[in-house]
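Structure, as structure tokens:
Predicted model only: the values in this text are computed from it and were never measured. Starting from 1, each residue takes its place in the sequence as its number.
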Amino acid sequence: MMQTNRRTFLQLGSASALSTIGSSCLMHAPKPAQGLALGFDNFSIRAFKWNASQVLDYAEKTRVDSVLLSDLDVYESFDPLYLKELGARAKSAGIELQAGTGSICGKATNFRDTHGTDVEHLTLTLKVAHHLGAKVARCYQGSSKDRKLKGGLAPLIDRTVAVCKSVESVAKDLNVKIAIENHSGDLTAWQLKGLIERAGPDYVGATIDAGNAAFTMEDPIENLRILGPYVLSSGIRDTAIWQDGNDIKAWWKAMGSGNIDWPAYFKLWGKVCPHAPVQLETISQWGRTFPPKSDDAFWQHYPDIRDIDYSAFIKRAAMGTPPPEAPKERFSKEFMQTDLEISLAYCRRIGLGINHLH
């Protein structure tokens with residue numbers, strides 16, 4: 001990846017810098033990911049606290065192909081006319097919209113009843129997606145904190161399946177599919193695949209998060225091999241994975257700054273889920289430490305980690321090196337915007353994206 005000073009990048013002007021760097025890179029790089037739509041999750045630029053209209057302003061400026069509006073707070077209202085106007089505006093700009101929300105499992109530690117019960121919450125999200133003209137409603141079960149609950153993840157998986165089944169007729173009537181994310185160290189790829197198969201893959205699929213795969217000690221490429229046929233939505237960022245003494249560390253980074261083989265990743269993407277947009281969810285400088293299997297206090301909460309997946313994770317760590325120390329401004333508007341735009345430019349370098357070519 002090209003080395004670009006963040007402050008200089010912003011001084012060039014976000015849209016023009018992105019266009020200049022992306023075009024230059026496209027001239028010299030292989031393009032294993034041609035034809036794949038490229039976009040972002042509005043969580044990447046959360047520091048701005050933009051509403052949906054402002055997010056679309058930015059999406060048009062950066063000439064992306066898709067936007068995941070991953071929370072319900074981004075809308076000024078749930079009025080159907082307002083939502084349809086947003087959808088029409090996105091469509092005219094050639095931008096695919098996907099709707100989203102947080103936990104839809106009432107048993108999860110991070111579930112919030114702001115929008116009613118878990119069933120009511122998911123129903124509302126499906127209706128919002130429908131009025132936007134979106135075909136996908138992204139959500140998730142919970143987080144790694146749920147692993148410490150009595151019974152672990154099993155009761156929550158049962159509840160998530162039940163919630164999905166409760167809204168099956170609504171989803172099918174509205175022609176909106178539910179896309180459940182492997183979120184923050186909760187579900188492994190094989191667990192999410194099992195959940196989808198139990199609920200019904202004709203109306204439930206996956207939101208694949210490459211960074212979160214590392215938080216369940218999976219290699220992101222192997223995670224994609226398992227989830228690929230179910231992928232409807234995505235949240236993509238790079239990860240630095242490396243061995244630190246007896247521990248393994250995983251630290252989220254801008255695209256091209258970690259040690260994931262993205263050309264190989266997106267070549268596989270083009271085979272297993274070519275119609276799903278690659279949506280960046282840059283959350284750089286967050287990380288976790290994973291102790292060896294001799295640490296019973298930690299591993300008792302991860303009985304579902306398969307040896308085949310953990311071995312791939314260890315192999316990935318063996319190829320990694322420690323990244324630079326996290327900058328103090330990582331929660332600032334400037335950092336988030338630059339991190340996303342550097343990531344968009346890298347992805348265009350390897351051939352992703354459609355709108356910016358026209």
Side-chain angles (χ1 to χ4, degrees), residues 35-37 39 41 65-70 72 83 87 91 96-108 111 115 117-142 153-183 186-210 212-213 223-236 268-279:
L36 299 182
D41 179 337
D65 309 307
S66 65
V67 172
L68 170 58
L69 297 170
S70 62
L72 294 176
L83 294 171
K91 185 176 181 180
E96 176 188 353
L97 283 185
Q98 293 190 337
T101 193
S103 171
I104 49 96
C105 175
K107 291 181 179 290
F111 174 76
H115 302 291
T117 66
D118 45 16
V119 173
E120 291 168 340
H121 187 170
L122 183 52
T123 300
L124 172 62
T125 306
L126 290 167
K127 290 180 178 179
V128 167
H130 171 70
H131 293 311
L132 283 173
K135 300 300 182 183
V136 173
R138 168 266 189 186
C139 57
Y140 56 76
Q141 177 175 284
L153 296 181
L156 281 72
I157 293 173
D158 290 342
R159 180 58 193 168
T160 302
V161 170
V163 171
C164 290
K165 286 182 175 292
S166 295
V167 303
E168 178 177 358
S169 62
V170 176
K172 290 180 176 179
D173 287 346
L174 297 178
N175 193 28
V176 177
K177 291 189 176 183
I178 302 164
I180 302 174
E181 181 181 321
N182 56 312
H183 183 256
D186 62 352
L187 298 170
T188 63
W190 71 266
Q191 284 176 312
L192 180 51
K193 175 183 175 180
L195 188 161
I196 292 167
E197 290 288 349
R198 285 177 58 191
D202 55 330
Y203 74 101
V204 180
T207 296
I208 191 166
D209 190 309
N212 285 337
N223 174 274
L224 176 61
R225 291 190 201 281
I226 297 169
L227 286 179
Y230 305 90
V231 170
L232 302 171
S233 184
S234 59
I236 304 297
L268 176 61
W269 186 294
K271 294 177 180 178
V272 296
C273 52
H275 301 298
V278 176
Q279 292 166 150

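In this structure, CG in Asn182 is found 11.5 Å from CG in Leu195, a value given to the nearest 0.5 Å. Of the inter-residue distances, the one linking Thr117 atom OG1 with Ile104 atom CD1 reads 11.0 Å to the nearest 0.5 angstrom. The structure places CD1 of Ile236 at 4.5 Å from CH2 of Trp269, a figure rounded to the nearest 0.5 Å. If you take OG1 on Thr207 and NE2 on His183, they are separated by 10.5 Å, rounding to the nearest 0.5 Å. The distance from atom CG of Leu122 to atom NZ of Lys127, rounded to the nearest 0.5 Å, is 11.5 Å. Separating the NZ atom in Lys193 from the CG atom in Asn223 is a distance of 12.0 Å, to the nearest 0.5 Å.
The two residues Glu181 and Asp209 make their nearest non-hydrogen contact at OE2-OD2, 3.3 Å. Nearest heavy atoms, Gly87 versus Leu97: CA-CD1, 4.1 Å. Closest heavy-atom contact between Asp41 and Ser70: OD1-OG, 2.6 Å. Here the closest heavy-atom approach between residue Ile157 and residue Arg198 is recorded as CG2-NH1, 3.7 Å. Listed here is the closest heavy atom pair of Leu68 and Ala99: CD1-O, 3.5 Å. Leu132 approaches Leu83 most closely through the heavy-atom pair CD2-O, 3.5 Å.
Contact annotation: the side chain of Leu124 never approaches that of Glu120 to less than 4.5 Å [non-hydrogen atoms, C-beta and beyond]. Between Leu69 and Val128 there is no side-chain heavy-atom pair separated by less than 4.5 Å. Side-chain contact check for His130 versus Asp173: every heavy-atom pair is 4.5 Å or farther apart. Side chains of Val231 and Val272 form no contact here, defined as non-hydrogen atoms less than 4.5 Å apart.
With Tyr230 contributing its side chain and Ile226 its backbone, the two residues share no donor-acceptor pair below 3.5 Å. Side-chain atoms of Ser103 come within 3.5 Å of backbone atoms of Gln141 as a donor-acceptor pair (strictly under, hydrogens ignored).
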- Check step by step if side chain to side chain contact (heavy atoms under 4.5 Å, CB included) holds for Asp186 and Leu156. CA-CA 10 Å; Asp186 62 352; Leu156 281 72; over 6 Å; no

- Message: Would Cys139 and Ile180 count as a side chain to side chain contact (heavy atoms under 4.5 Å, CB included) here? Give the steps.
- Response: CA-CA 5 Å; Cys139 57; Ile180 302 174; 4.0 Å; yes

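A salt bridge between Asp118 and Lys107 is absent, with no side-chain N of the basic residue lying under 4.0 Å from a carboxylate O of the acidic one.
When each of Arg138, Lys135, Gln279 is checked for a side-chain hydrogen bond (donor to acceptor under 3.5 Å, both in side chains) with Ser233, only Gln279 meets the rule.
In this pair, His121 and His115 present their aromatic rings tilted. The plane angle is within the 30 to 60° band.
Taking a 6.0 Å sphere around NZ of Lys271, one finds it holds 12 or fewer heavy atoms contributed by other residues, nucleotides or ligands.
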